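Have a look at the structure below, then the notes.
Because the structure is predicted, anything quoted here is derived from the model rather than measured. In each ligand, atom 1 is the first atom listed, and ligand 1 is the first ligand listed. Residue indices begin at 1 and follow the sequence shown.
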Amino acid sequence: MKLMSSEEIRRKFLEFFEKRGHKIIPSASLVPENDVTTLFTGSGMQPLLPYLLGKTHLLGKRLANSQKCFRAEDIEEVGDNRHTTFFEMLGNWSLGDYFKKEQLPWIFEFLTEEIGLNPEKIYVTVFAGDKKNGIPRDEESVKIWKELFKEKGIDAKDIKLLTVKRGGEVGMQGGRIFYYDSSKNWWSRVGVPEKMPAREPGGPDSEIFYEFTNVPHDKKFGEHCHPNCDCGRFFEIGNSVFMEYVKNDKGGFDKLEQKNVDFGGGLERIAAASNDDADIFHIDVFGKMRGALLKAGADLSKKENERRVRIILDHIRASVFLVGDGVLPSNRDQGYMLRRLVRRSIVHAHIMKMPDFWLKALVDSVVDSYRGAYGEIFSKEKEIVAVLSEEHERFNKTLSKGLEEFKKLQRIGAKEAFNLHQTYGFPFELTRELVKESGGDVDEKGFEEAFRKHQEISRAGREKKFGGHGLILDTGELKAANEEELKKVTRLHTATHMLQQALRDVLGPEVKQAGSDITVERTRFDFSFPRKLTPEEIKAVENKVNEKIKENLPMQKVVLPKAEAEKTGALYFFSAKGGSASGGKEKYPDPVNVYFIGKDLKGAWSKEFCGGPHVSRTGEIGKFKIAKEEAVGSGVRRIRGIVEP
Ligand code: SER
């Protein structure tokens, strides 16, 4: 086994594919440039989507890179042996060029010959097929894998259909190649075939796992271990997506015009495998950064501090890259996430009683580790330090104020802890630590209860005024100040539902909401659609809405259990924010309100999950006009509409 630095692995990967005809492209920004559906670049394929769909890439059909990725949904997992919010994804692409029989041998050669991984410790998974959607199982990949393992003297047995649950029951069964269902071996930006909107590309994939034989299986995750078990013995280190399908307007699947390969492999995990050490925080880059933190006073003699150090290492590394890509701390979108990362790190550093200079010391170390590969953070180092230090100072003030209040209190129970949090922005975690130091304990459950209640009350207040989705919640801002304004906003809100249905009537069911924002002046509606609308189409949509306004149809509401509501075919806002696993409907409550336009739910012209408010009859809206139609990203259009009395 060769011990390898991250730098070396990255370089070897790019050289390997360069030798095989690939052009090396730079990493795209962590903030997607032409995609409003997601806040962060979370995989290498996102920035390349247009090319996977057929657009010609200036550099040709074979590309490779190391892409900066950020996955906010993993934030709570950070601290274990393998999760980080920021990571680097090594990628190689065939844009309608080579396919399985080149990809699998190459990537196997790279991992076993270039990185030197022991093939005995490598296991692979393949797609078991999806009868409902008419997609066959991937026997071709199995054949190729068998050959590849045979060349290494390994007789690779394939194991028929597994799900994560079944895997836990039956275990490895002496297998080397495992078929899993679409929840594991199908890749699209939004997950399984059912979740994909029309025109979204996807395909079966073949994942590569490395087994850390010194990590014992943890039965908490199932009786037996298997490659997709979450106990931490197996790491997924690479994924070859065979992107050859696209969802059609009828909900079925067509072949894409070109067969693509999208390979992505987590650099940090490959480095951990090359160390044969199942802890990515032990790889070289984290080692250096940890050194900087220790020097700045992190006390690792206390066991509970290990998790804190990992969180700080991850969060500050991510923050450096985010600021490097132009994100500034704020209370919205990417800026909010950055603020959360920095403040969370500060709280942990504070608990460990580290002197303030830790932040700069760590930032310097991050920049130093990545200066070669990501020049932008090197050239912007001063700015990055300034932005993060300013946030540090600002938050320190909050902490000091909270601390003063804390000292005034005689007794700290759940209520006091909640007040400190609510009024002074003083983090609960810190309150708990301080109370612990004086030998006490705070009622965590009580705090959570108070927190939940508060959230419910403020949500209910907001819903009453502005509706459960779209209207205001997309921006979080409050735009109606009085009854009169509220009335106007309500008319626009109902008109927005009608606009979505009219768009679907005219353009087809691939139209899906990608965002909305309503002010007293106008509604702004973003939706998925691949091209500019013609003037005739715009007119037809406008006419359709006005026709339904003239019919003076009732707007009605039913409250249904979510599962039932879905069966009615009601639309819900689909958001891919935050990455693959977060579909849209999870954000609606259960039971959910379904608003429909028409006499009864069954024959309703428009149906949507929504919190209201709405007019009671469409006639109240007046006249609807489309003021503007434009692009806001690849595959996303924006319409601004107004209503007149
Ligand atoms: N798109 C795939 C993934 O993110 C492979 O690059 O896993």
Tyr123 six-ring centre to Arg176 NZ/CZ under 6.0 Å and within 45° of normal: yes

Stacked cation flag Arg317 on Phe321, 6.0 angstrom / 45 deg: no

Determine yes or no for a side-chain-to-main-chain donor-acceptor pair under 3.5 angstrom, with His226 supplying the side chain and Gln173 the backbone. no

Going by the ring-ring contact (aromatic ring centres under 6.0 Å, His included) test, name the single residue among Tyr98, Phe16, Phe263 that passes it with Trp106. Tyr98

Distances for all N or O pairs of ligand 1 and the protein under 3.5 Å?
from, atom 1, to, atom 2, distance (Å)
ligand 1, 1 (N), Asp262, OD2, 2.7
ligand 1, 6 (O), Asp262, OD1, 2.6
ligand 1, 6 (O), Gly264, N, 3.1
ligand 1, 7 (O), Trp187, NE1, 3.4
ligand 1, 7 (O), Asn239, ND2, 3.3

Are Glu306 and Arg310 within salt-bridge range, i.e. N to O under 4.0 Å? yes

Candidate pair Lys165 and Glu169, rule salt bridge (Lys or Arg N to Asp or Glu O under 4.0 Å), full reasoning: CA-CA 7 Å; Lys165 186 161 170 282; Glu169 288 159 9; 3.4 Å; yes

